[in-house]
Colleague: 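Let me begin by handing over the structure; questions about it come next.
Each chain gets a letter, A, B and so on, in the order its sequence line appears, and its residues count up from 1. Side chains included, hydrogens not; waters and symmetry mates left out as well; all remaining heavy atoms used.
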There are 2 protein chains.
Amino acid sequence: IIRLVDVRKVYRVGEVKTIALRGVNLVVYRGEYISIMGPSGSGKSTLLNMIGLLDRPTSGKVYIDGRDVSKLSSKELAHIRNREIGFVFQTFNLISRFNILENIELPLVVRGIPRKKRIKRVLEALRMVGGDESWLPKKPTQLSGGQQQRVAIARAIVGEPEMILADEPTGNLDRASAKVVVETFTRLNKEGQTVIIVTHDPEVANCTDKIYILRDGVIVGAEEPNRD
Amino acid sequence: IIRLVDVRKVYRVGEVKTIALRGVNLVVYRGEYISIMGPSGSGKSTLLNMIGLLDRPTSGKVYIDGRDVSKLSSKELAHIRNREIGFVFQTFNLISRFNILENIELPLVVRGIPRKKRIKRVLEALRMVGGDESWLPKKPTQLSGGQQQRVAIARAIVGEPEMILADEPTGNLDRASAKVVVETFTRLNKEGQTVIIVTHDPEVANCTDKIYILRDGVIVGAEEPNRD
Ligand SMILES: Nc1ncnc2c1ncn2[C@@H]1O[C@H](COP(=O)(O)OP(=O)(O)OP(=O)(O)O)[C@@H](O)[C@H]1O
Ligand SMILES: Nc1ncnc2c1ncn2[C@@H]1O[C@H](COP(=O)(O)OP(=O)(O)OP(=O)(O)O)[C@@H](O)[C@H]1O
Ligand SMILES: [Mg+2]
Ligand SMILES: [Mg+2]
């Protein structure tokens, strides 16, 4: 369970001050299936970074399972991020000098999982995103944009994290590939994983159970999905 | 006018051979407004790179205004690319150590256009994509994904190129921002620029005059847009 209390995030670049989050209050319960929508620049990625413990608020509090995140050591934070959170970045963040196998297995390497088991789980994760074994020896730049996106998703789910945070996971995918990805998120959620998807695509949002609308750094509403 | 004759593109990565294009025949006339759709991995970016003279076919011919591209010197190619083609990359390809002003003005710097004029045209291009002056001193990583995408588009149009090639220009944009971008492409096309958009979004494709469908490296159809 994640609790955000009056979270604000201010970025300063020289003269330019940007208020990315203006007091966000949010509770996400274990096993929820949530999407976050809102205009470009409204703070969605910043919000997801807060929930995913990738960044700290300028003010306000983030609690994970009741623990104040600002009081956790960086070691504890790294442990939670590796074990409990699978993050799909908006810009993929694949490691260009690693091949696809090495990219996807990374969370498992960090945990000390032996090679044979890693390969088995990488193939499983790749299958779940509609990927192909032929991608494994390639480097990220040797894949198409949508293939890279699916590799990023595979990396996020390979460790079976408690919570999956996906920042625009289908922006580079055709309708059919997007469907495969969303069906995987839905199945993982049914199996108990908390799933939060930032998306611009109403069809994706409508597959989740609740849609938060972010506008100019605040949550302005929570909508029911339209299942038509 | 661009003519592709039996264009094939084969990538080899160690053992893995990928046929990205299997004999594409295509003619694009000056002033056309075209979109290209197809599954992830079907060869759309590879095709756009051929049209944009960013890559050479493994076999087959590309003619630009009747001239065989394989016979052009790299100097002539660079000249055409800078003067006549504006390219929006699927992964933006913004220069991370340049600020946004420096990123957008780059095609104009290459042409030797004086500073005052450059700034004027950068502001114009930024406005046309729904961007904001406050972005100019920032670095790309200090912008949201959709803001970076719009900067990439601004850079492609700032030089008023004869042909705009946009590889998934709205994947990171909410509906309203996407609308602004597509309306700009439509206006530029009305003013005479050839516009080719690769997109997964039917709403974007339906704003163009012709939709080519690419599947597994070949063009399998050309559809009329559905204006409803
Ligand atoms: N590192 C940073 N430094 C300065 N400003 C930033 C930084 N990151 C984000 N911003 C600004 O904060 C605001 C929110 O950014 P954020 O990435 O959260 O938006 P977003 O809703 O994810 O947008 P998009 O839909 O385009 O991805 C934007 O105006 C952006 O320019
Ligand atoms: N540099 C490369 N080296 C090896 N294979 C490549 C390279 N670039 C692309 N490919 C392969 O060629 C095929 C076509 O790639 P391309 O990027 O053109 O697809 P696309 O239609 O743009 O896909 P998407 O919609 O996912 O962006 C893919 O199977 C991809 O893996
Ligand atoms: Mg974002
Ligand atoms: Mg592509």
Colleague: With a strict 4.5 Å heavy-atom criterion, list every residue of residues 138-149 of chain A that contacts chain B, or say none.
Modeller: A/K138, A/Q142, A/S144, A/G145, A/G146, A/Q147
Colleague: Where does A/S45 contact chain B at under 4.5 Å (heavy atoms): side chain, backbone, both or neither?
Modeller: neither
Colleague: Take atom CZ in B/R215; do more than 12 heavy atoms of anything else shown fall under 6.0 Å from it?
Modeller: no
Colleague: More than 12 heavy atoms of other residues, nucleotides or ligands under 6.0 Å from CD of B/E133: is that the case?
Modeller: no
Colleague: Show your reasoning for whether side chain to side chain contact (heavy atoms under 4.5 Å, CB included) applies to B/D174 and A/M37.
Modeller: CA-CA 8 Å; B/D174 57 284; A/M37 300 188 82; over 6 Å; no
Colleague: Only pairs of heavy atoms separated by less than 4.5 Å count here; which of B/P39, B/S177, B/G130, B/G38 has the most with chain A?
Modeller: B/P39
Colleague: Look up atom CG in A/N172 and atom CD in B/Q90, then write down how far apart they are to the nearest 0.5 Å.
Modeller: 4.5 Å
Colleague: Quick one, A/S40 with B/R150, criterion side chain to side chain contact (heavy atoms under 4.5 Å, CB included). Give me CA distance, side-chain angles, the key distance, then yes/no.
Modeller: CA-CA 10 Å; A/S40 170; B/R150 283 176 281 170; 2.7 Å; yes
Colleague: If you compare all heavy atoms of A/P137 against all heavy atoms of B/V13, which two are closest, and at what distance to 0.1 Å?
Modeller: O-CG1, 4.4 Å
Colleague: Identify which part of A/T18 has an atom lying under 4.5 Å from any heavy atom of chain B, answering side chain, backbone, both or neither.
Modeller: side chain
